[in-house]
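Inspection log for the structure reproduced underneath, given as structure tokens.
Since the structure is predicted, the reported quantities are computational estimates derived from the model, not experimental observations.
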Amino acid sequence: MRLFFLGAILPLVMTGCATAPAKPAAGNSNAVGDGSELRPDANAAVDGLAFAQARCAGCHNVTGSQASPNSSAPRFEKIANTRGLTDDTLKAWLRDSHNYPGQMDFEIDAKRIDELAAYMLTLKSPDYRPAIQ
């Protein structure tokens, strides 16, 4: 099913290379990791990836473990795997993360925050190891 989704739907949503949202944990289509959180809606995650590719990828690495284009911008994978991160804490962080003077002074629409958080949480992995710097 995932391959069908990747082959048929994802190319219509975005351009360029990207990874698809992670597959849900076995036995519970809404589980993330230990089951203490709910996996975001798959459609929201796809929309979040498309938004990230269009609006965030200029500064952040939004799909993998490579360095971000802007060395000051954290990789989405690193953000998603921050200890203690939840859907609620991620959304709060996204609302306030770019409220600095200059080029980062912008707001993200609430719907886009929900979609972006849904996508970013698909990058959460129990096997994540931070890059050695």
With rounding to the nearest 0.5 angstrom, report the [atom1] to [atom2] distance, [X] to [Y].
X      : Y      : atom1 : atom2 : result
Lys111 : Phe51  : NZ    : CZ    : 11.0 Å
Asp109 : Glu115 : CG    : CD    : 8.5 Å
Ile113 : Lys91  : CD1   : NZ    : 9.0 Å
Lys124 : Leu90  : NZ    : CG    : 8.5 Å
Asp114 : Ile108 : CG    : CD1   : 11.0 Å
Ile79  : Leu121 : CD1   : CG    : 11.0 Å

Does the [X] side chain pair with the main chain of [Y], one donor and one acceptor, at a distance under 3.5 Å?
X      : Y     : result
Thr82  : Lys78 : yes
Thr86  : Thr89 : yes
His60  : Ser68 : no
Asn61  : Thr63 : yes
Tyr119 : Val62 : yes

Exercise for review: Specify the closest pair of heavy atoms between Arg75 and Gly64, including all atoms of both residues, with the distance to one decimal.
Suggested key: NH1-O, 4.0 Å
Check your understanding: Any side-chain heavy atom of Cys56 sitting closer than 4.5 Å to one from Phe76?
Key -> yes
**Study point:** Residues forming a salt bridge (charged side-chain N to carboxylate O under 4.0 Å, His left out) with Arg55, sequence neighbours excluded
**Key:** none
Review point. For Asn81, which residues count as a side-chain hydrogen bond (donor to acceptor under 3.5 Å, both in side chains) partner, sequence neighbours excluded?
Key: none
